[in-house]
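Input: a single structure, listed below in structure tokens.
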Amino acid sequence: MELPIRYNSQEVEDKWYKFWEDKGFFHTEPDPKKKPFTIVIPPPNVTGILHMGHALNNTVQDIIIRFKRMQGYNALWIPGTDHAGIATQNVVEKSLAQEGLTRQDLGREKFLERVWEWKGKYGSTIIQQLKKLGASCDWNRTRFTLDDEYSEAVLETFIRLYEKGLIYRGNYIINWCPRCQTALSDEEAPYEEVEGNLYYISYPLKLTSNQQPVTRKTKESEATYIVVATTRPETMLGDTAVAVNPKDKRYKKFIGKTVILPLVNREIKIIADSIIDMDFGTGAVKVTPAHDPNDYLLGRKHKLEFINILNPDGTMNERAGKFRGLDRFECRKKVVEELEKIGLLEKVEPYRHSVGHCYRCHTIIEPYLSRQWFVRMKPLAKPAIKVVKKGKIKFFPPRWTKIYLNWMENIHDWCISRQIWWGHRLPVYYCKNCQGEKSEIENPKSEKGIMVSKIKPEKCRWCGSTDIYQDEDVLDTWFSSWLWPFATLGWPKHYNLATQKRNNELSYFYPTSVLVTAQEIIFFWVARMIMAGLEFMREIPFRHVYIHGTVRDITGKKMSKSLGNIIDPVEIIKNFGADALRFSLISITAVGQDIFLSDEKFKSGRNFGNKIWNAARFILMHSPQFKIPISQLRENDLSLADRWILSRLQKTIHSVTSALERYNLNESASILYQFFWHEFCDWYLELTKPILMKTEQLTGSHQKQKEITQAILFEILEVFLRLLHPFMPFITEEIWYKLKEKDTRLREESIMFSPWPVPEESLIDGVAEKKMNIIQEIVKGVRNICMEMDVPREKKLKLIFKSEEKGLNFLQQNRIYLEALLNIESLEFYTEIKKPRFSSSLVVEGIELYIPLEGIIDFGKERKRIAEEIKEVDDCLERIEDKLRNREFLQHAPPEIVEKEKKKRDELKQEKEKWIKHLQEIQDRD
RNA sequence: GGGCGUAUAGCUCAGUUGGUGAGAGCGCGUGCCUCACAUGCACGAGGUCUCUGGUUCAAGUCCAGAUACGCCCACCA
């Protein structure tokens with residue numbers, strides 16, 4: 001069989017993915033004989049395309065699920081997509097705009113048809129891309145948050161919370177995005193610092209009953225103004241009071257007085273409230289109850305009028321008088337201009353402050369008084385805090401625990417209604433006949449004319465009228481996502497809350513094992529899933545939460561389209577292969593740290609794949625049909641190198657497994673890399689070449705040795721492939737199948753079902769590792785000398801060893817390794833030695849080595865080299881001797897440490913003596 | 001205003017419960033197209049472990065403080 005010299009990822013990857021999928025290998029059913037291991041995918045937006053964040057997130061999940069599958073768990077990874085209300089609606093609206101249409105032009109029904117059409121067309125893009133990545137999701141179970149069954153679950157939870165009194169409707173200040181024209185939750189309106197201004201405005205006091213509005217500020221009237229400071233001057237149009245701190249001496253006399261609001265000429269009162277900070281601005285605050293959360297509270301407390309001055313699109317409404325129709329920022333300019341004209345603008349200071357932005361379109365949000373639906377969160381948060389405190393749910397890395405708890409303990413009510421069309425429509429119905437005009441309803445359950453129901457009630461519960469209509473709003477997308485871990489498994493259909501009886505799937509696969517996600521959605525999603533799980537399932541949704549970092553570009557900036565710094569994973573897969581993408585990404589993902597990416601970084605994964613490919617080629621080239629099962633080998637059959645590499649392999653199995661169990665994926669990746677490349681290939685393969693490549697007729701023992709070597713090469717490659725499979729699923733399957741052709745013991749239909757390796761304790765051999773280490777040191781030392789002394793590569797070396805009998809025996813037994821790795825003319829062994837001529841020298845573990853290099857060696861260089869060696873040994877020796885002179889150390893340190901130091905000292909002393917001897921010999925030469 | 005993270009080689013990061021000549025990959029330099037692999041092989045250079053103090057026989061590792069960068073949360077207009 002001939003393998004190409006370069007590994008071709010493209011062909012291989014598509015071939016195997018199709019094979020796995022056609023065979024249904026990712027699908028699984030409950031099986032009482034096996035332990036379940038479940039992961040639910042963080043559902044990507046249905047309109048999404050794969051970016052590096054997804055690539056990382058899903059690679060992590062795939063590694064874990066493949067690892068667990070091989071360990072024998074019934075591993076299920078549930079995939080799906082999220083309808084992503086606002087985001088998707090925006091995308092479709094954008095495409096409509098190109099036709100010159102708005103969603104209002106189409107109307108609700110027609111618009112939704114368009115979105116579904118869009119979903120049908122592009123909704124599977126990201127699924128296809130996940131497949132390219134190698135994701136072993138059970139695609140038969142793919143869920144969409146707007147599936148009928150899933151939607152049923154969403155409405156069910158709404159109704160249950162409503163029945164429990166945990167859902168209410170009210171008129172409150174919410175975050176309003178004027179572009180998306182919907183309310184947002186607090187989490188959806190992240191605050192960002194912006195450069196703004198602080199405007200100081202004079203409000204004239206009303207002194208006489210028929211006072212005329214100020215049209216020009218004059219010096220004489222200065223004492224009759226109160227100056228307020230604001231970052232949003234346009235909101236003054238909605239002011240209904242000015243507030244000062246009652247303790248503020250400057251303003252005591254103004255309390256209870258009236259001011260005439262400039263530009264609008266409305267009379268408003270000056271009120272006192274202790275929440276006003278006397279030190280900020282002027283200490284006097286304009287109060288706009290309909291457009292600021294604090295002012296809202298003041299408004300409620302002091303029974304002020306609430307004047308909404310904004311239209312939903314962010315333009316000024318009729319309450320803004322002559323500013324009506326202007327955009328809010330346009331209006332700000334105009335208001336400032338006019339105030340300046342009449343002399344009421346005191347000053348303007350540059351001011352950096354935090355402003356909420358829409359997380360979907362980045363427009364500056366407006367605090368906006370409107371009627372919305374809310375979930376009371378405190379009762380839901382309580383048990384969710386408890387389970388994390390008790391350690392039933394663990395965060396990796398653990399520092400997120402604190403962040404989670406801090407948020408949960410300060411949780412606010414959740415605004416869940418959105419004024420968009422794409423989503424789950426609120427299951428709320430109103431009777432036209434009964435419904436009053438009440439804007440605030442703390443308990444909608446008892447409110448006449450409001451009905452909550454999955455389907456439209458035929459007639460009004462109160463008056464029997466059939467004139468019933470449904471609420472226009474839809475629910476926050478996260479109000480459906482928070483049910484993901486159980487709604488994807490068939491809840492509520494097969495779950496009885498009273499008896500807590502579940503269907504098979506739910507009881508088998510829930511709770512899930514680990515949730516893998518990015519830090520950005522801990523509050524949006526993770527926290528809420530915990531609350532939902534406890535509320536609706538009475539059980540945690542997952543045991544572990546693995547939080548990975550954010551993917552950034554090489555300079556540390558977030559990747560975004562607008563910055564043009566995107567690295568497209570699909571492109572990387574095309575150029576380097578999914579295996580390379582996965583391995584590279586995981587290698588550089590330090591636990592919980594952000595990832596800094598550049599195209600360059602994917603080379604390492606590709607090169608590693610190629611290295612594995614070529615090693616496999618080599619082994620297959622020199623391996624006939626498999627003959628000897630490794631378990632049948634006796635200890636005497638094994639050479640030093642065999643025992644060494646087998647020992648190293650056991651340790652590798654152990655440490656890779658342990659790192660995976662701790663979710664230290666990069667650690668396990670680097671262990672595999674190090675073992676395969678720098679131990680197996682660099683040393684073991686090279687050491688075995690002379691045995692393997694002997695072509696002449698072999699005697700019995702030589703023939704047997706060759707077969708043993710072949711067996712071990714085969715075995716190690718096979719075990720390594722299994723260890724690597726979760727990381728690089730494609731190339732491992734490809735090579736594993738080639739091994740399978742030669743070895744009938746490999747029975748599984750895919751490497752993904754072959755057992756996860758377990759270390760064989762009896763093969764761990766510290767002595768062999770130590771001995772091999774000496775060989776390695778000698779080889780490296782000789783190579784080093786040859787390089788430094790410019791010894792030509794073709795020069796055959798004579799090596800002269802001096803050591804005790806034991807050391808010489810060891811060397812003689814293992815001379816084959818030196819011959820394999822160095823260009824040797826002869827090896828000589830002495831217990832005593834006369835001065836060797838023209839030699840360079842080396843000391844390894846008490847073994848002295850001389851390399852006669854007549855005509856080549858530069859004694860000046862050699863002296864320098866030895867002097868450096870001596871200095872290094874000396875430095876170390878000095879430190880140790882200092883320590884051993886230290887009484888405190890001798891008294892307090894554990895005896896074994898002291899012993900170790902003493903031993904070390906003696907060794908170093910010996911080594912030093914030998915070097916000095918070498919140096920003298922060289923000096924004698926001159 | 002609170003809270004968190006990070007600081008080790010030019011870059012990206014490892015460094016277990018403190019145990020003592022400081023590790024990897026990439027990059028760099030030198031020599032090699034050596035019969036699996038130039039996506040490779042060999043060798044090498046490169047570090048006051050951010051600073052200050054403390055605990056300890058012993059600190060990159062533990063504690064306190066400082067500095068720098070980054071992040072999150074919070075209703076100061």
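Side-chain atoms are counted along with the backbone in the values below, which use heavy atoms only and exclude waters and symmetry mates. The chains referred to below are lettered A, B, ... by the order of the sequence lines, with proteins before strands, and numbering in each begins at 1.
Residue contacts for A/F596: at a heavy-atom cut-off of 4.0 Å it reaches the sugar-phosphate backbone alone, with no base atom in range. If you check every strand for non-hydrogen atoms under 4.0 Å, A/Y404 touches nothing. At the heavy-atom level, A/E600 lies nowhere under 4.0 Å from the strands shown. Using a 4.0 Å heavy-atom cutoff across all strands shown, A/D682 reaches sugar-phosphate atoms only and no base atom. As judged by a 4.0 angstrom heavy-atom cut-off over every strand, A/I173 is placed among residues making no nucleic acid contact. Among the heavy atoms of the strands lying under 4.0 Å from A/F523 are primed sugar atoms or P, OP1, OP2 only; no base atom is included.
Under the 6.0 Å cut-off for aromatic ring centres, A/Y546 and A/F396 do not qualify, their centroids lying 6.0 Å or more apart.
Figure legend: A/R648 and A/W677 shown without cation-pi pairing, the cationic atom not lying both under 6.0 angstrom from the six-membered ring centre and within 45 degrees of its axis.
Between A/D594 atom CG and B/rC72 atom C1' there is a gap of 12 Å when expressed in whole angstrom units. To the nearest angstrom, C1' of B/rC35 lies 12 Å from CZ of A/R793. The interatomic distance linking A/N607 (CG) with B/rG27 (P) rounds to 9 Å, in whole Å. Atom-to-atom, CD of A/E193 to C1' of B/rC73 comes out at 13 Å; the value is rounded to the nearest Å. Between A/R232 atom CZ and B/rC76 atom C1' there is a gap of 13 Å when expressed in whole angstrom units. Per the geometry, NZ belonging to A/K864 stands 13 Å off C1' belonging to B/rG44, to the nearest Å. With rounding to whole Å, A/I403 atom CD1 is found 13 Å from B/rG70 atom C1'.
For A/D292 and A/R232, the salt-bridge test passes: some basic side-chain N is under 4.0 Å from an acidic carboxylate O.
Each of A/N666 and A/E888 was matched to the nucleotide of RNA chain B holding its nearest heavy atom; the match closer to the 5' end belongs to A/N666. The residue among A/N886 and A/P293 whose nearest nucleotide of RNA chain B lies closer to the 5′ end is A/N886.
Across all strands shown, B/rC32 forms a Watson-Crick or G-U wobble pair, both distances under 3.5 Å, with B/rG40.
On the P atoms, B/rG65 is 24 Å away from B/rC71, given to the nearest whole Å. Spacing of P atoms, B/rG10 relative to B/rU48, comes out at 8 Å, to the nearest Å. Rounded to whole Å, the C1' atom of B/rC57 lies 50 Å from the corresponding atom of B/rG40.
Judged by distance alone with a 3.5 Å cut-off, no donor-acceptor contact links the side chain of A/K402 to the base of B/rC4. Judged by distance alone with a 3.5 Å cut-off, a donor-acceptor contact links the side chain of A/K904 to the base of B/rG21. Not a single donor-acceptor contact under 3.5 angstrom links the side-chain atoms of A/E667 to the base of B/rA24.
No side-chain heavy atom of A/N666 sits less than 4.5 Å from a side-chain heavy atom of A/S587.
Of the candidates A/F730, A/F608, A/F676, A/F608 is the only one forming a ring pair (Phe, Tyr, Trp, His ring centres under 6.0 Å) with A/F583.
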